[in-house]
Amino acid sequence: MTRTKEIRGFFTKNMVVILLLLMMLFMTIVNRNFLTLSNLTNIFIEMSTYGTITMAMTIAIICGEFDLSAGATYALCSVFFLKNLDTMGIIPAILVTVLIGAAVGFVNGFLVAKLDIPAFVATLGSMTYVRGIALFYTDGQPVSNANQAIYQWGNGSFLGIPNLVLTFLLFVVLTECFLKFTKSGREIYAVGGSRKIAELAGINAQKSKLLIFVILGIAAGIAGVMISCRMASGSAALLGLNTSMSAISAVVVGGTSLSGGSGSAVRSLIGLLVISVLFNALTLLGIGAYYQQLIRGLVVIIIVAIDVYMSLNKKD
């Protein structure tokens, strides 16, 4: 019986890693283009922008909250950066873009932390009005910029590693360090575990909740700059439509509980890899876009259901 529990515990703890390895093994066998340097690099580049938002979403979900407006903020920041880059200059444009993201995050945080509006309602409303601002600002038209400096950075590399990937990996490290080694990070775990107990311990839960939404806004702003540098164009109508759900899915698939109180950036990185390898595999296998959408949703549901089932059995 003890041996069985040990095996079950091992699979419960490492289920997502095992799934990732099995997916990679399968794709290596059925498609020789999968395990090539160019394809693996492409996987990391594709996930770098929404992966940056995923790291911030990890912090939010650990605190027991989430943000549906991150994709809309991402789109707004992207088109603002592209439209104002030439007149403001690169550094000022980046700073103002990130401040816009932080401002949206602050509004969300105020609605949730101060007015006690459920995050689903508050950020659903924000998702709508922020997307509306972006569409109004661009008159619903795509925006582009021919600045070669940002394009070269967005598509360049350092020591053979793409700049966007390096930026994303830096965010992974910073997120993990923030959660594990700062007072604010530890307070976020406590608030996510039990707000009432955290407040009895002297933790300002409102401050923690406000902080996580500001961090999400900043991450969305930086992600907007990143995608602008890579594509040199953006669309308020199309950019970031599935970003929030992709980020939440990656966090949950990585093993972070939606009820809060547990999780890490490393777990979310593994979840990101599972989702990204799945996307890439479906494309390489020539599966149509509509079927891809169906399969992606089903895989996320199945992974989370198995994780919940095995966790309940572990408690029993």
Side-chain angles (χ1 to χ4, degrees), residues 49-50 52-84 88 92-138 140 143 171 175 178 184-185 187-188 191-192 195 199 203-228 234-248 251 258 260:
T49 48
Y50 87 88
T52 300
I53 295 174
T54 300
M55 290 302 110
M57 194 70 76
T58 301
I59 299 172
I61 291 177
I62 288 172
C63 197
E65 303 291 353
F66 59 88
D67 185 356
L68 296 176
S69 69
T73 307
Y74 170 53
L76 173 62
C77 290
S78 174
V79 296
F80 176 87
F81 177 71
L82 288 168
K83 286 198 72 169
N84 293 276
M88 297 179 67
I94 292 173
L95 292 175
V96 176
T97 299
V98 173
L99 282 174
I100 289 173
V104 175
F106 180 84
V107 172
N108 287 336
F110 180 82
L111 294 173
V112 174
K114 299 294 184 181
L115 301 185
D116 210 25
I117 297 174
F120 176 82
V121 176
T123 61
L124 182 63
S126 296
M127 177 182 70
T128 304
Y129 85 74
V130 171
R131 180 78 62 180
I133 292 172
L135 289 167
F136 176 80
Y137 185 64
T138 61
V143 179
F171 263 85
T175 302
F178 170 76
S184 295
E187 288 177 347
I188 284 169
V191 173
R195 177 172 179 169
E199 288 178 332
I203 295 173
N204 189 332
Q206 286 189 348
K207 178 184 174 183
S208 294
K209 288 184 180 288
L210 182 62
L211 177 62
I212 62 171
F213 284 104
V214 172
I215 291 173
L216 264 163
I218 290 172
I222 293 173
V225 173
M226 290 169 67
I227 194 65
S228 298
S235 170
L238 300 176
L239 188 62
L241 290 177
N242 297 313
T243 299
S244 294
M245 294 312 301
S246 294
I248 294 170
V251 175
L258 281 171

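- Distance alone, capped at 3.5 Å, places no donor-acceptor pair between the Arg195 side chain and the Ala205 backbone.
- Here the shortest heavy-atom pairing between Leu68 and Met245 reads CD2-SD, 4.0 Å.
- Counting only N and O atoms by type, the side chains of Thr123 and Asn108 include no donor and acceptor under 3.5 Å apart.
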task: With side-chain contact (heavy atoms from CB on, under 4.5 Å) as the test, would you mind laying out the steps for Ser184 and Leu211 before giving the verdict?
output: CA-CA 9 Å; Ser184 295; Leu211 177 62; 3.9 Å; yes
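- By the 4.5 Å heavy-atom criterion applied to side chains, Lys209 and Lys114 are not counted as neighbours.
- Counting only heavy atoms from C-beta outward, the side chains of Phe80 and Val96 approach each other to under 4.5 Å.
- Screening Val225, Ile227, Val98 for a side chain to side chain contact (heavy atoms under 4.5 Å, CB included) involving Phe81 leaves a single residue, Val225.
- No donor-acceptor distance shorter than 3.5 angstrom exists from the side chain of Thr73 to the backbone of Gly101, with no hydrogens or angles considered.
- Of the inter-residue distances, the one linking Thr58 atom OG1 with Ile212 atom CD1 reads 11.5 Å to the nearest 0.5 angstrom.
- Heavy atoms only, all atoms of each residue included: Ala75 and Ala236 are closest at CB-O, 4.3 Å.
- Taking all atoms of both residues into account, the shortest heavy-atom contact from Gly221 to Thr97 is O-CG2, 3.9 Å.
- The two residues Ala223 and Thr49 have their closest heavy-atom pair at CB-O, 3.5 Å.
- When all heavy atoms of Ala70 and Ala220 are compared, the closest pair comes out as O-CB, 3.8 Å.
- Distance OG1/Thr54 to CD1/Ile61: 9.0 Å, rounded to 0.5 Å.
- Side chain of Ser228 to backbone of Ser78: a donor-acceptor contact under 3.5 angstrom is found.
- Atom-to-atom distance recorded for Ile62:CD1 and Ser208:OG is 12.5 Å, nearest 0.5 angstrom.
- Summarising the local packing, OH of Tyr137 is surrounded by more than 12 heavy atoms from other residues, nucleotides or ligands at distances under 6.0 Å.
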- request: Could you check Leu241 against Arg131 for side-chain contact (heavy atoms from CB on, under 4.5 Å), going step by step and ending with a plain yes or no?
  value: CA-CA 10 Å; Leu241 290 177; Arg131 180 78 62 180; 3.7 Å; yes
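- Atoms CG and CZ, on Leu210 and Phe110 in that order, are 9.5 Å from each other to the nearest 0.5 Å.
- Atom OG1 of Thr52 and atom CZ of Phe171 lie 5.5 Å apart (nearest 0.5 Å).
- Note that CE of Met226 and OH of Tyr50 are 12.5 Å apart. Values are rounded to the nearest 0.5 Å.
- Using a 4.5 Å heavy-atom cutoff, the side chains of Ile188 and Phe178 are in contact.
- The two residues Ile53 and Ala219 make their nearest non-hydrogen contact at CG1-O, 4.1 Å.
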